[in-house]
Amino acid sequence: MTSFSALYDSTLGKKYIMALTGAGLFGFVVVHMLGNLQLFLGPEPLNRYAVFLKSKPGLLWGARLGLLLLVFLHILTAVQLTLRNRAARPEKYDRSKPYRASYASRTLFLGGLALFAFVVYHLMHFTVGTVDPSYLKLRDAANRHDVYRMTILGFSHPGVSAFYIACMAVLCLHLSHGVGSAFQSIGFKNKQTAVWIDRVSKILGVVVFLGNSSMPLAVLAGILR
Amino acid sequence: MNVTLRVWRQKNSKTPGRFVEYQAKNIIPDMSFLEMLDVVNEDLIARGEEPIAFDSDCREGICGKCSAVVNGVPHGGHRGTTVCQLHMRHFKDGDRIVIEPWRATAFPVIKDLVVDRSAFDRIIQASGFISVSTGQAPEANSISIPRVVAERAMDAAACIGCGACVAACKNASAMLFVAAKNAHLGLLPQGQAERYRRAFTLVKAMDEAGFGSCTNTNSCEAVCPKEISVEFIARLNRDYAVALLRGSGREAASSAD
Ligand code: HEM
Ligand code: FES
């Protein structure tokens, strides 16, 4: 068996794929959040940033394809592992006790599927404009796409904002286990570091939740308009 | 004391099993859990019924033969305790106790609470060993082993192969068992020659046996009667990555010919 086929065929190889693609997606989530937090700086910085992101189509599409590949590999591998795991334990215990297994660690798959649904909605909402086509036609004084206004309009529906916040809670849960788990999966943990890696993992999950939820919350509270 | 048991009864691997209730009467709190089952069985035999089949051997927590899920937790949920070392004083008079076998595709039920754990044997046969020259015993202390290394190897070697890790894991993953064997041999100087080939072959045998993958929930560590640390799982993940980088799969395949 070659190393390459073992990477794809073995459960450990698949976990490396989960961990590495998960880490890549986590990196994107953090950068995306930091970029979006410019919403609090006002229309000018945010709209300028949006133009900058779209200024190099090669880079933009390279990044999009890269992300698509990460998402594809992460989900494909998650499905393969989950099917295998369910086949390995088809019969439940009479009183199944999730003995010391955290809620987050037991809900990775269903939470992950919810995240995928969220990503699809999010793209339809703010990127493709399926939810409201007028969002993409908004222009600011400098005739740039008015991303600031689009975001404010998008989050001014309480139902939509609540959905976003709920999905960020799911992401928080996924990451609070996932980030630490990724270190374990690539063998980058020991007794001393594990405590800290798991702690930081939970903190990062909460930071991502608070950072992302602050935007719809600020719009609903009327702080941003 | 008197307790009510709800026990998994299954004739053989082909017949579907079901729960049956039994009354365990006049149990002395100082009895072990298995002694309590012995009492129930004597009663069943006296009544001409089939006794409850369960595994045990040493009954002192060192052989790894006993295996039962008590109230949803393998070995009953007392830290570092096998079910043979679990005592009835941990229960209250009138308690209702659910007793089940390990549940995993790789561990088919043979009868009642007895499961077939030969999947573990196949993993050990695949590469749970080191190669040494036979003949004269080597000079003592001719290989120096740092104390911390010896201690860590001993921590891993404490594994008695009972399979509680698999039973506890929601994925029925054998990672803690395999990781313990990999570390116990791979930490010591004598285990270095085959270190990466061993990691590769152990994982291959583990996957072929039909165990699930590790989601790092750590329930294995929580139920392990020898309190083996999931730290060794990280080590196996590390060794396996190095094995892939070194192409140990090819090496393993050519030496198997
Ligand atoms: C924002 C997007 C996502 C990020 C940042 C992310 C991140 C992560 C990380 C870091 C891990 C830990 C990997 C490991 O244990 O080695 C993980 C695991 C996992 N993810 Fe995601 N994920 C995302 C989306 C998804 C989606 C859409 C699914 C859909 C099915 C999913 C399913 C899973 C599953 C099942 C695991 C556990 C794998 C295992 O431990 O066996 N994730 N994720
Ligand atoms: S019977 Fe030997 S460990 Fe329980």
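Numbered from 1 within each chain, the chains take letters A, B, ... in sequence-line order.
Contact annotation: the side chain of B/Thr217 never approaches that of A/Arg100 to less than 4.5 Å [non-hydrogen atoms, C-beta and beyond]. By the 4.5 Å heavy-atom criterion applied to side chains, B/Thr215 and A/Ser181 are not counted as neighbours. Inter-residue side-chain proximity for B/Ile233 and A/Lys189 is flagged as unmet; no heavy-atom pair is nearer than 4.5 Å. Put simply, the side chain of A/Leu12 reaches to within 4.5 Å of the side chain of B/Met175, judged on heavy atoms.
For B/Phe107, no part sits under 4.5 Å from any heavy atom of chain A, backbone or side chain. With a 4.5 Å cut-off on non-hydrogen atoms, A/Arg106 touches chain B through its backbone and its side chain both. Neither the backbone nor the side chain of A/Ala104 comes within contact range of chain B; no heavy atoms are under 4.5 Å apart. Interface residue A/Lys92: only backbone heavy atoms are found under 4.5 Å from chain B.
No side-chain donor-acceptor contact under 3.5 Å links A/Glu91 to the backbone of B/Ala104. The main-chain N or O of B/Asn237 is found under 3.5 Å from a side-chain atom of A/Tyr16 such that the two form a donor-acceptor pair. Side-chain atoms of B/Thr105 come within 3.5 Å of backbone atoms of A/Ala87 as a donor-acceptor pair (strictly under, hydrogens ignored). A distance-only check finds a donor-acceptor pair linking the side chain of A/Gln184 to the backbone of B/Val230 [under 3.5 Å]. A/Tyr93 places a side-chain N or O within donor-acceptor distance of the main-chain N or O of B/Ala167, the cut-off being under 3.5 Å.
With respect to chain B, the highest number of heavy-atom pairs below 4.5 Å among A/Gly13, A/Gly187, A/Ser105 belongs to A/Gly187. Contact count versus chain A (heavy atoms, under 4.5 Å) is highest, among B/Val73, B/Val223, B/Val203, B/Leu236, for B/Val73.
Shown here for A/Ser3 and B/Ala243, the closest heavy-atom pair between the two residues is OG-O, 4.4 Å. Closest heavy-atom contact between B/Met206 and A/Arg84: O-NH2, 4.4 Å.
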Candidate pair A/Arg89 and B/Arg103, rule side-chain contact (heavy atoms from CB on, under 4.5 Å), full reasoning: CA-CA 7 Å; A/Arg89 158 62 57 68; B/Arg103 294 198 192 276; 3.9 Å; yes
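At a cut-off of 3.5 Å, with distance as the only test, no side-chain donor of A/Ser10 or B/Asp207 sits close to an acceptor on the other residue. Side-chain contact annotation: A/Asn85 with B/Ser173, donor-acceptor N/O pair under 3.5 Å absent.
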